[in-house]
A.B. asks: 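Here's a structure for you.
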Amino acid sequence: MLSLLIFLPMVAALLIGSSCRKLPFIARSMTLTTLIIESMLVAWIFITHQVHGFSMTESLNWIPDFGIKYLVSMDGISLSLIGLTCTLFIVAMLVAWHQVNRWQAFGPLMLLTLSGIMGAFLALDLMLFYVFWELMLIPIYFMLSFWGGKDTKQAALKFVLVTITGSLLMLVSLVALYIINGNNTGVWTFDYFYLASHPITGELAIPVVCGFLIAFLIKIPGFPFHFWAPDTYREGAPAVSLLLSGVMANVGAYGILRFCLAIFPEAMHQMMYIGMALGAIGSLYAALLAFRQKDLRNVIAYSSISHMNLVVLAIFAWQLQALNGAVIQLIAHGLSVAGLFAVVRMLQARGFSGKFDEMGGLYKVLPGIGVFLLFIVAASVGIPGLGNFAGEILLLAGSFSVSPLWTSLAAFSIVLGVVYFLRAYGLAFLGPISDDNEQRKLIDLTAREKLTASIIVIGLFWVGLEPNYLLQLMMSSTKTLASIHSGSYSLIEGVINVIS
Amino acid sequence: MSSHELISAIPFAILGLGALGVLLLGVLPGKNNQQLPYMGSIVVLLATMLSVASLFGHSANIENFVVIDHFTLVAFELFAAGGLATILLAKNYPALNKHVAEEFYALILIAVLGTFILASASNLLAAFLGMETIAIPMFALIAWNPQRKGAIEGGLKYAVTATVAAAFFMFGIALIYFGAGTIVISEIPKALTSANAMPMVALIGFMLLFVGICFELALAPFHSWLADTLQASPAPVMAFIGSIAKIAMLTFVIHFVIQIEPIWDQISFVLWGFVLFSIVFGNLLAFRQTNIKRILAYSSVAHFGYALMALTSVIPNSSASLSEAVHATAYYGLSYAVMNLVAFAVIAMLNKHNPTGELKGYRGLGRRYPLAGVAMAIAVLSLAGVPPTAGFFAKFFLFSSVLGNGYLGMVVLAALASAVSVFYYLRILLAFFAKEEYYHHNQSADVESVEFGSTAVISVSAFATIALGIFAQAVLTYMF
């Protein structure tokens, strides 16, 4: 079943890529069909409540000489994030609908990315995780390079170089971890469960975990490794930026949550305050920068960085509420940033690149988009009842109990969020409208855009009003993770009961 | 020589006699037929592969000259396949068209024979013989069709380099013989402990030997010939030099290290400098190139730096460490040969659109020829070490071997260097898939067909690049 989730998009991508060479529209509908089938499979897992702790495990030997297994499993955290992934891929598809001309190439690349991301969320063999982690990078690099703004090639190159540097450091750490563990225990394996039940301690733990952290922080993008993000988010096609910020960033956060905490408890404990400080400073710094931007896309990029750094803060705080809040925040942030990029695309379709000086007073001509953007802005700044509020309140409350200083500092970024978002909204949609824009016959939301908007609105309301559903789903996993910290640095047995 | 040994020597015989036979086909009376030697050489190579396959399970030491064991047999299959690929590619290669005759095929067969001798050498003289049997046909093959621009120059550069390498190698052999009293590799360690041995002289001999080897492998600082030679030679020959000839040398090094195990730790330090220089300079020099052949040449310098890292870092007196290093290096060599073959085959196939190999000449060709584009993407991603291709697992096995020997700094350096390498690899891909500028001016070019030879080579080796990665376990088990 889980392998089906991973390989269905991959096979579909190969089929579409090889059969639809001159047929972009058929390729488009087939891509959408695949995404919908995938989402229905995920929905089926949600509905049948099969996931308690790690369940649906599949395990095969892959390279036994090196202890590499094909080990996939799913718990509440990965299931929630996979649900988000499917939703956002459909949203991205709808956003890119008319913008992308060569669907026979774009569709398969998108599906390959999806299968890489699925694999990364499901893999519990570290080597397998690494394989999928790299696999998702390549198609998205092509999507960034060949569809997007005028400087998109530069931005994509910057993105991929930074990311691969991080990944290679992670590979070195991975091998080091493998060797240290092998020397300590005599078992040569990349199995997450084994590694987590024999956590690495000692002086080598910190350099090794740093390799992982750098790779994950780059993806998130966490301070101080966020420098690639603003350019890339701005130059990429909105659909691609949406996937990068809404989905791929989550894989980074998931990596820290899943692997760093469980395998390196002692090192992560020693680095707790450093990590929280990075998160707090990063979110504040990005919020301040967001305030000065002249382009809506840059505001979105910095706000995304700011929100993701809150997640970093919460993960490092390593406390039950904070971890729960972090996952909820990942989902809510994914939805809201998707909404923001969808708006960017809507504006681009109407001839606005995203610079504020071209816009102003658009509410008069585009009330539908105006209301939708206002809704997402409201969600992003944390209005109660919407997703981000649930996440932020949990993660701040949790982190506050660990480090009042850094949490209070980070909380300012939310206040700043209100300011920069309202400023951006004002510059774009309120105020006087230029004659040019008033004369042009701009069409408000089309049916497809309404569909996009409604998916996001429903998602944000659902996460905001019923966070309990998700919390119940991941409770056992986050509880065990949190208990590693309060306990004696070793995974209690509960986590390892694999229900297959 | 017993009959058992005679059977083990059959592949050599088929190749050597086959080469002569193909050469004789040219003097057949009547109309000069190009097809006959072409088919003939393919038959010879297939027969060789078959006879090698029938030898699996055998092992023999023929006259203390060559050793046949499982690992060398695997290498033989690879080299014969590489020779076959070269011939398939050369058949319709435009720059060679009308100039490929029986001599060309015979020379390739002789070069393949050279790789066999070199890879299985158990005697330093055999290694020398193999090395020269590869090098001498190459002089001619590089400069084939001498009217081409730079052909003579490239051939000459290779000839000078190969001769210098041979001189170092020969002098090394002489000193080792002087110091140890034997040139049978596996007997050297024991001979050095005897009363009459002169270890210092032998050590200097080993150093010179390695200088010769490093010339042939184009390790920095002896790398400068490779880029010029590859640029000057026809793409099929380039594929042979770049992927098969160098891997034959690497196989010899692996074999050498296995046979000389007891004293390897006293010699291995010689290689450190070469390894470091190659990784750093190979990647940095590739950075500035605008020609795909030169990029691949410099990247090859870096790759051989990685490949030798594991053997260099072996822990003294630890057979586990040695066997892991040998596995890693051998897998690296195999995957390197296969993925480079893809890249060179694509270059050969697209030669009629872009004879010089400048990157900007490839704009849009990946879109027009999806097979070539996808295969190049696979090759380049594999060279860059992206999973799940062979190149990734090669790097992974290598890193774990080196890290297991305790060289964290080396591994981090290698990782950073390969991060740098991603930059120039991606430039190749960007060029291949960029929008075509002049496409609309010659729409008619769209319908031309692609030859069987290059299509077969490209698809088989591109498929192998991924399969070697995904089925790495099976490959490792099969190789040793």
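Note that the coordinates shown come from a computational prediction; the quantities given were computed from them, not determined experimentally.
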A.B. asks: Show the numbers, then the answer: is there a side chain to side chain contact (heavy atoms under 4.5 Å, CB included) between B:L426 and A:Y141?
C.D. replies: CA-CA 10 Å; B:L426 285 179; A:Y141 165 72; 3.6 Å; yes
A.B. asks: Determine the minimum heavy-atom distance between A:L161 and B:A419, stating which atoms define it.
C.D. replies: CD2-O, 3.8 Å
A.B. asks: Would a line drawn from the ring center of A:F66 to the ring center of B:Y331 be shorter than 6.0 Å?
C.D. replies: no
A.B. asks: About how many Å separate OG of B:S418 and CG of A:L171, when rounded to the nearest 0.5 Å?
C.D. replies: 8.5 Å
A.B. asks: If you round to the nearest 0.5 Å, how far is CG of A:L168 from NZ of B:K395?
C.D. replies: 7.5 Å
A.B. asks: Looking at B:A415, B:A472, B:A474, which makes the most heavy-atom pairs under 4.5 Å with chain A?
C.D. replies: B:A415
A.B. asks: Side chains of A:Y178 and B:L403, heavy atoms from C-beta outward: is any pair under 4.5 Å?
C.D. replies: no
A.B. asks: Against chain A, label B:L430 side chain, backbone, both or neither, depending on which of its atoms sit under 4.5 Å from a heavy atom there.
C.D. replies: both
A.B. asks: Applying side chain to side chain contact (heavy atoms under 4.5 Å, CB included), run through A:L174 and B:F396 and close with a yes or a no.
C.D. replies: CA-CA 10 Å; A:L174 203 58; B:F396 163 65; over 6 Å; no
A.B. asks: Check whether any side-chain heavy atom of A:V175 lies under 4.5 Å from a side-chain heavy atom of B:V411, and answer yes or no.
C.D. replies: no
A.B. asks: Going from CG on B:L408 to CG on A:L204, what distance comes out if it is rounded to the nearest 0.5 angstrom?
C.D. replies: 8.0 Å
A.B. asks: How about B:F463: does its CZ atom have over 12 heavy atoms from other parts shown lying under 6.0 Å from it?
C.D. replies: no
A.B. asks: Sort A:L137 into side chain, backbone, both or neither according to what part of it lies under 4.5 angstrom from a heavy atom of chain B.
C.D. replies: neither
A.B. asks: With a 4.5 angstrom heavy-atom cut-off, which part of A:T165 approaches chain B: side chain, backbone, both or neither?
C.D. replies: both
A.B. asks: Taking every non-hydrogen pair under 4.5 Å, which of B:V412, B:L381, B:L416 racks up the most with chain A?
C.D. replies: B:L381
A.B. asks: Given heavy-atom pairs under 4.5 angstrom as the criterion, report whether the side chain, backbone, both or neither of B:F433 touches chain A.
C.D. replies: both
A.B. asks: Using heavy-atom distances under 4.5 Å, tell me whether A:W62 contacts chain B through its side chain, its backbone, both, or neither.
C.D. replies: both
A.B. asks: Listed by residue number, which members of residues 122-132 of chain A have a heavy atom under 4.5 Å from any heavy atom of chain B?
C.D. replies: A:M127, A:Y130, A:V131
A.B. asks: Determine whether A:L135 and B:P388 make a side-chain contact, defined as any pair of heavy atoms from C-beta on separated by less than 4.5 Å.
C.D. replies: yes
A.B. asks: Can you tell me which portion of A:I63 sits under 4.5 Å from chain B's heavy atoms? Options are side chain, backbone, both or neither.
C.D. replies: both
A.B. asks: Check whether B:T477 gets within reach of chain A through its side chain, its backbone, both or neither, counting any heavy atom under 4.5 Å.
C.D. replies: neither
